[in-house]
Amino acid sequence: MLSHILVTGGAGYIGSHTCLELLNAGYRVSVVDNLSNSKFESLNRVHKLSSADQKIDFFECDILDEQKMTEIFQQQKPDAVIHFAGLKAVGESVEIPLDYYQNNIAGTITLLRIMKTCNVKNFVFSSSATVYGDPASVPILENFPTSVNNPYGRSKLYIEEICADIFKSDDSWNMAMLRYFNPVGAHKSGEIGEDPNGIPNNLLPYISQVAIGKREKLSVFGNDYPTSDGTGVRDYIHVVDLAIGHIKALEKLSQNPGLVTYNLGTGKGYSVLEMLHAFEKACGHKIAYQIVDRRAGDIAECYADPSFAKKEINWQATHDLEQMMRDAWNWQSKNPDGYN
Ligand code: NAD
Ligand code: WQD
């Protein structure tokens with residue numbers, strides 16, 4: 001049984017929701033985060049929401065800091081690592097690829113080297129559906145070919161391949177590659193949620209900021225895709241469902257499965273305009289938008305076949321679109337300036 005989990009990037013959007021689920025499930029949790037894209041306040045709120053007596057041991061530290069990280073591992077002695085820490089903006093990764101490779105790939109190599117030295121060989125990795133590139137068909141299964149066209153996606157794919165090489169060399173490792181589709185929403189309390197810096201890159205945070213009056217209108221990137229209404233289709237998944245997927249993956253790792261890969265998605269795709277109209281329902285008013293050109297690198301459709309995760313780890317998403325939108329709006333309206 002794995003009982004003590006070290007979470008890198010645990011103060012971030014998906015990390016904070018996962019820490020809460022871990023605490024509530026009785027795990028001991030240590031977090032390493034350099035707070036480059038998050039605030040410690042998220043973990044204060046996790047403590048407020050948690051039913052557990054245990055508090056998170058927090059370390060403000062960069063995963064690239066080998067010495068400090070080694071000390072943390074030696075002192076904390078975790079059984080497993082959930083690795084969220086990473087930079088995640090596709091467009092930015094095209095501008096500053098070296099920073100992405102350094103932070104995401106070199107950071108992960110540093111982490112994995114320390115894990116090996118400290119004999120911690122249970123690893124859950126935040127991968128992404130981006131590794132499927134533009135799929136030949138949907139829904140997407142785990143055995144579909146991979147293809148990437150930007151440094152962010154390449155960093156995810158290379159890390160998956162590095163993990164495969166490590167496992168080949170030493171099969172005492174247990175590693176779960178979790179390929180997330182599009183995480184949205186927030187904890188139903190509205191206390192924790194997504195708090196992007198600057199102009200949001202992703203659809204839901206952008207719609208939320210238009211709804212709250214911080215931005216004028218949504219730009220819909222293209223309405224000439226071969227989809228039902230011409231706008232892009234994605235598999236949006238509630239962040240709490242995603243967080244629970246990590247608990248299920250840890251349970252699997254405790255059975256020594258070796259290297260495993262799961263899609264974490266709902267299996268259902270929604271278009272940009274469907275998302276916009278669903279959000280209008282949740283917030284109770286119209287949201288302004290304009291159709292603009294396609295965004296470079298975007299694909300028409302992407303949604304998961306999540307049946308492998310259902311079969312192997314008994315996980316499936318339970319929140320529907322209405323709940324995702326309600327919770328996203330609850331967070332946004334309660335925290336118009338995020339954690340500030
Ligand atoms: P996030 O930015 O909210 O969280 C990442 C956290 O990692 C932040 O708290 C940040 O401060 C921390 N961090 C970054 N670099 C670090 C470093 N070198 N050392 C220590 N801490 C560091 O992002 P998120 O949306 O919660 O994503 C978590 C993970 O899931 C990322 O690896 C991301 O690539 C992956 N992912 C996210 C999405 C998405 O759409 N949100 C989709 C697929 C995969
Ligand atoms: C969704 C849809 C856009 C913003 C990205 C990464 C992926 C993963 C999740 C980390 C698309 C449209 C968006 C806007 C719009 N992240 N859109 N106007 O592109 O599916 O995936 O985030 O791993 O790797 O690539 O998500 O939220 O940016 O876009 O019309 O202002 O919304 O064109 O159809 P995407 P997204």
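Note that ligands are numbered from 1 as they come in the structure, with each ligand's atoms numbered from 1 the same way. Computed from a predicted model, the values in this text were never measured in an experiment. By convention here, the first residue in the shown sequence is residue 1.
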Which one holds for [X] and ligand 2: side chain close, backbone close, both close, or neither close, with close meaning a heavy atom under 4.0 Å?
X    : result
V233 : neither
M275 : neither
L203 : both
N202 : both
Y152 : side chain

Tell me the nearest of [options] to [atom], using heavy-atom distances.
atom                    : options                : value
atom 44 (C) of ligand 1 : Y180, Y236, F181, F125 : Y180
atom 14 (C) of ligand 1 : G86, G9, P196, S126    : G86
atom 22 (C) of ligand 1 : V131, N34, L64         : N34

Are any of the N or O atoms of [X] closer than 3.5 Å to those of ligand 1?
X    : value
H83  : no
F84  : yes
N37  : yes
S127 : no
V32  : no
I14  : yes
S128 : no

Pull out every atom of ligand 2 sitting under 4.0 Å from any heavy atom of [X], numbered as shown with elements.
X    : value
N201 : 4 (C), 28 (O)
S219 : 14 (C), 15 (C), 18 (N), 30 (O), 31 (O)
S128 : 10 (C), 23 (O), 24 (O)
T130 : 24 (O)
L218 : 14 (C), 18 (N), 31 (O)
V90  : 6 (C), 25 (O)
V220 : 30 (O)

Minimal heavy-atom distance between S128 and Y152, with the atoms involved, is CB-OH, 4.1 Å

| message | In this structure, does ligand 2 have an atom that sits under 4.0 Å from one of the heavy atoms of Y289? | response | no

| task | Anything under 30° is parallel, anything over 60° is perpendicular, the rest tilted; go ahead and classify H319 against H238. | result | parallel

- Query: Between F144 and Y132, how do the two ring planes meet: parallel, tilted or perpendicular, split at 30° and 60°?
  - Reply: perpendicular

Examine ligand 1 and decide if any of its atoms is less than 4.0 Å from a heavy atom belonging to [X].
X    : result
K156 : yes
D62  : yes
G107 : no

Open item on the list: Can a side-chain donor-acceptor contact be found between S127 and E160 if the only test is distance below 3.5 angstrom?
Closed with: yes

Can N335 and R45 be counted as having a side-chain donor-acceptor contact under 3.5 angstrom? yes

Q) Regarding K268 and the six-membered ring of Y270, is the cationic atom NZ or CZ under 6.0 Å from the ring centre and inside 45° of its axis? A) yes

Answer whether the closest heavy-atom distance between the side chains of [X] and [Y] falls below 4.5 Å.
X    : Y    : value
F279 : S208 : yes
V81  : L112 : no
I159 : I109 : no
T108 : H83  : yes
M177 : F125 : yes

Under-4.0 Å salt bridge between E322 and R326: no

task: Considering only NZ, NE, NH1 and NH2 on the basic side and carboxylate oxygens on the acidic side, decide whether E142 and R179 come within less than 4.0 Å.
output: no

